[in-house]
Structure formats: structure tokens, C-alpha cells
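Inspection log for the structure reproduced underneath, given as C-alpha cells.
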Number of protein chains: 2
Amino acid sequence: MAARHEEIAEELRQAIDRGEYPVGGPLPTETELSARYAVSRGTVRQAVAALTAEGRIGSRQGARRVVLGNRRSQSFAELRSFAQWAAAMGRTATGRVLEQHRRPATAEDAEKLQIKRGDEVLQVLRVRGLDGDPVLLERNVYAAWMADSVERLPAECVSVVQALYEDIGMVFAYGEHVIDAVAAGAEDARLLGIRRGSPLLRIRRVTTTPAGRPIEWSDDRYVSGTVSFTVANSIGSNPLARQAGQA
Amino acid sequence: MAARHEEIAEELRQAIDRGEYPVGGPLPTETELSARYAVSRGTVRQAVAALTAEGRIGSRQGARRVVLGNRRSQSFAELRSFAQWAAAMGRTATGRVLEQHRRPATAEDAEKLQIKRGDEVLQVLRVRGLDGDPVLLERNVYAAWMADSVERLPAECVSVVQALYEDIGMVFAYGEHVIDAVAAGAEDARLLGIRRGSPLLRIRRVTTTPAGRPIEWSDDRYVSGTVSFTVANSIGSNPLARQAGQA
DNA sequence: CAGAATCACTTGTCCGAACAAGTCGATGAC
DNA sequence: GTCATCGACTTGTTCGGACAAGTGATTCTG
């Protein structure tokens, strides 16, 4: 947390959570904040831009900024890692590898991982649980250059993300998520202990390194009622997009 | 389109879509871009910051920016409005009001719309279709100060958002979306023409004016397979958050 | 009294500069 | 040949200034 504008953003977040700036009320002006923190106006603007992107405050030219809400957004690590997310909530996560094998890349693998068709990939099927109950079925496909490190992990590994970071310093930096709902198939139902046809929340995701190199893509299916996802957007910044039909 | 940094951002987006900067490849340096467009480095940084927030490019200190993908994200207007989104895809949207009545606000209404319990609200039930097939069941609750304008709309109104903008200049500026999957209830199934228990993608959202005043909240249920949502995030900016289910 | 004009204030845009921090290829030592 | 060092290059941070554009309350006008 070196950068001054990040410190200021964090102080503002906490001030909002404390109720110092009530929801629906105005934030101090940029001039006042720059005086209070002894920084230039540009630095203050970087700080409030972060809160705007998170959907915590609204902003219009000419009028004071408005506090929209105080929900806490999670770090990328917490979103990416089921185990870290569960730990942050005070719940215990479990994980078990059911299946793991290498195979040549299909056309879909090749496109998503930016590799050639037929290159070797590592496919893994995991079940994840929360406080004992199975909640999530995870189908991952890793690029070949990651396969060795993933295979070395124990079958009961709770946090894959953390293990990979500690072993080889691998950082997951970017992600694209496609969200929809599907009915549980026969295999889904058996492995999650639910009825066939039950609704599942499906998140398909591609993750890349800081250099933009794809690491893995995955198909996560959450049991209905166990997990929901939140996203904030605005007329200015719009991370959420709707897409039609099958893809 | 006035702001220079927005123009540059749009030109970069188109250049990426044209394949001028291939996926996985580097973007020109800030210095080169500022020379090419005859603007200062700060203006270029504003432009590339927008693309970074959209997840199209990645950025690390010291290294050149990397093109992560060329997916096109819809504008906020298209996301807010089912009809505009459908039109942008070359499909025809339909809409029909099934039920509409005023009632006192419940505790849930009061919290989400920042009004007092018992204040009047307007509840509306709509079915939306794509190319003739029913796709979406929409349950909206509008704050009292919006009720008159909404009631004046025709029952078959295709685009509520656009109609409200043209009538009274109302703009939907901010939104918070909670996404999960649910099974279709008896009413859902009957109105959407699907089997009971079929998976539905549920989006609950609250929208507000540019001034941060809540306009409405709604519960949208999409038929499985018709629509999906995409969100990009990164270690730096993360609009997406996971929450434990609370029913 | 209602509506229009005014004006202080606030945010948005853009500039130019300087330094810090990190990356990556080239060079040189072992 | 391998590895560490170096240095050019690139992005990140911060400053200070200037003007444009929009808001909202006050004042003025009919």
C-alpha cells in the first residue's frame, strides 16, 4: 500500500463504512480533501476514481459526489480463490480432486488458452465444499506449461491459488467471467448430491498472468442458493455486459 | 464524444477490433501514442485506463501494455435497456405488462429504495420476449415519485427506459446487480412457457439517478440458455464480488 | 408569486514536468 | 555456456496550473 492515492481511497472507504459519510449524502469536495490529506487535487481524483469504479460513490460534473452504498468489494484474490473467500467469511472450505489427466487441446481449449490445437493440456475435475456440504463443481483446463506444477499438488489441496503462488510465484492477474444458469446433468447431480435438473449457477472463466498469458479456463457450477455474485456499474464505467444465447 | 481521451479510447478499441494490435501483442508506448494523437501523456493514460477497466488490455509497471482480448462490451444504456440491447444485436424485443398496482412499501422496499416503510410504491410485472419467444420475467418496484410516469406508459411499451427518458428526461445512471440461479416456480413457469423447476438466471438490481436517488429495484428472471452475462476484472480493479447465499 | 437570469462553487479536461519503480535485452564475468 | 550486472526503456506517482462545463441557490424581473 505504497501509493498515496491508495491510502486515501482506503481511508475514504473506511470513513464510509463508519458512517462518517452517510449513504445518500455528499462527499467533501476535492479541494477540501486535497487540503486535508496535503496532496494535490490530481491525487485525490485518483482516489475517488477508485471508489467510483467500485460503485461506492457517484459523480457528476458540477455537483458534489454522492455516497451510493457501503458494500465491501472483495479483492481479486478472494474472488479467484474459493478457499481464501471462505476463510474471509469465517467458514471452512474443502476441496478434492476427482479426476485429472492430460489430453490434446480441443478447438475450444486452443482458442481460450491461445495455444495450438493438439497441444497438451491438463484437465482437472474438483468438488468444493463449504462447511462440509458440496457446493461447487469445478472443471479446469490448464495450459501445458502449468501442468507440472498443478500435478504436484495434493489431491485434497484446499487452496490451489495459494499453493501455486507459494510454489512457483504464479499470480493470477486478469479474469473474464461468463455467467449463466444451467440444469444439473446426471454427473453434476451425482457429484453434488442434488437432483438431476436442479438449477446451477455456471461461471465460465479464463484467467491470465500479469503478462497477459492465459493460464487456465474453467467451468464452475454452484448449487443454487449457496452463492450469488454482485456487480456494480454506472453510466461511466460498465464492466458488465449481457450476451445472447449459447456460446 | 467531446472529450479527447474518449475519442482516443474509441480509436484504440477499433484498432484492436481491426486486429491492428493483435491479442497477446503489445500496445504502443504512452510516449508514442501521445505523439501520434498530439496530446499529453496524461490524456493518453486516461484513454488506456478506460480500456484497462473494460478488461481489454493489461498493464504492468515497466512493461508494455498487452492486448488481452477484443470482446466488445455493450454500453451501459444497452445493458440497462432490454430493448436497446436487443436492437443492437439485430433482434426484436417485445414487452407486455401483466399486472400493475400501487401498494405500501414493505421493509425490503423501504431499504432498497431509501424510503420509509408504508410509503406508496408501484409494482409492475412484465414479460419480455426476444424474436417472439418469452425470455424474461421482470418484477419491478418503482418509488412513488416515479409512479405517475410509469403508469402513463402503454402496456405494450417495448423500451421503458427510452420512454421515460423521452417523457421526463429520466436517466438511469447507477446500478447494482446481484446474480444467482433459481428454479422456476409455478407462476414463473406458466408465464414463461417452460416447465416448473427449470433453471432461471436471476438478476436482482437497484438503479439510481445521477444524483444517487433510487428509482426502482427489480427481480429479472431469464430463461436458461437465452442470455448470459460477462464481466472482466483484474488484480487492480474488481467490480465482481461473490456472496454466500441467503435464499 | 412564478419564472428567468446570475453567480459562486464543484467537477471534468488537459497540459507539462519530474522522479520512482519495474522490465527486459545486452553485456560482461566466471 | 551460464549467470549476474547493467542500462535503456516503459509505466506509475505526484505536483501545480489553467480553463471548460455543469449545478444549485440566490437574486432579480415581470
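Backbone-only engagement by A:T43 is indicated by non-hydrogen atom pairs under 4.0 Å involving sugar-phosphate atoms exclusively. When heavy atoms are screened at a 4.0 angstrom cut-off, A:S40 is found touching base atoms of the nucleic acid. A:T31 comes within 4.0 angstrom of nothing in the nucleic acid, heavy atoms only.
In terms of phosphate contacts, B:R65 brings a side-chain nitrogen or oxygen within less than 4.0 Å of OP1 or OP2 of D:dG12. For D:dG12, the OP1/OP2 oxygens have a side-chain nitrogen or oxygen of B:S59 closer than 4.0 Å.
Between the base of C:dG12 and the side chain of A:R41 there is a donor-acceptor pair shorter than 3.5 Å. Between the side chain of B:R4 and the base of C:dG12, no donor-acceptor pair of N or O atoms lies under 3.5 Å.
The side-chain heavy atoms of B:R64 and B:L27, taken from C-beta on, include no pair separated by under 4.5 Å.
Here the side chain of A:Q61 is nearest to one of D:dA21, D:dT11, D:dT23, namely D:dA21. Set against C:dT23, C:dT11, D:dT23, the side chain of A:E30 has C:dT11 as its closest nucleotide. When distances run from any side-chain atom of A:H5 to the nucleotides C:dT13, C:dT11, D:dT13, the shortest one goes to D:dT13. Distance from the side chain of A:R60 is smallest to D:dT23 among D:dT23, C:dT23, C:dT11.
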Query raised in the report: Where do A:S218 and A:R205 land on the side-chain hydrogen bond (donor to acceptor under 3.5 Å, both in side chains) test, with the steps shown first?
Result: CA-CA 5 Å; A:S218 71; A:R205 174 180 73 227; 3.1 Å; yes
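Where A:Q46 and A:G62 each meet DNA chain D at their nearest nucleotide, the meeting point lying more 5' is that of A:Q46. For B:R64 and A:V39, each mapped to the nucleotide of DNA chain D holding its nearest heavy atom, the one lying further toward the 5' end belongs to B:R64.
Using bins of under 30°, 30° to 60° and over 60° for the plane-to-plane angle, the ring pair B:F229/B:Y222 lands in the perpendicular bin.
For A:Y37 and D:dT13, the OH to C1' distance is 18 Å, given to the nearest whole Å. Across the protein-nucleic acid pair, B:R45 atom CZ and C:dC14 atom C1' stand 15 Å apart, rounded to whole Å. Rounded to whole Å, the distance from CD1 on A:I57 to C1' on C:dG12 is 14 Å. Atom CD1 in A:I8 sits about 12 Å away from atom P in D:dT13, given to the nearest Å.
Between B:D109 and B:R103 a salt bridge is recorded (basic side-chain N to carboxylate O distance below 4.0 Å).
Just one residue in the list A:E6, A:E7, A:E54 forms a salt bridge (charged side-chain N to carboxylate O under 4.0 Å, His left out) with A:R13, and that residue is A:E54.
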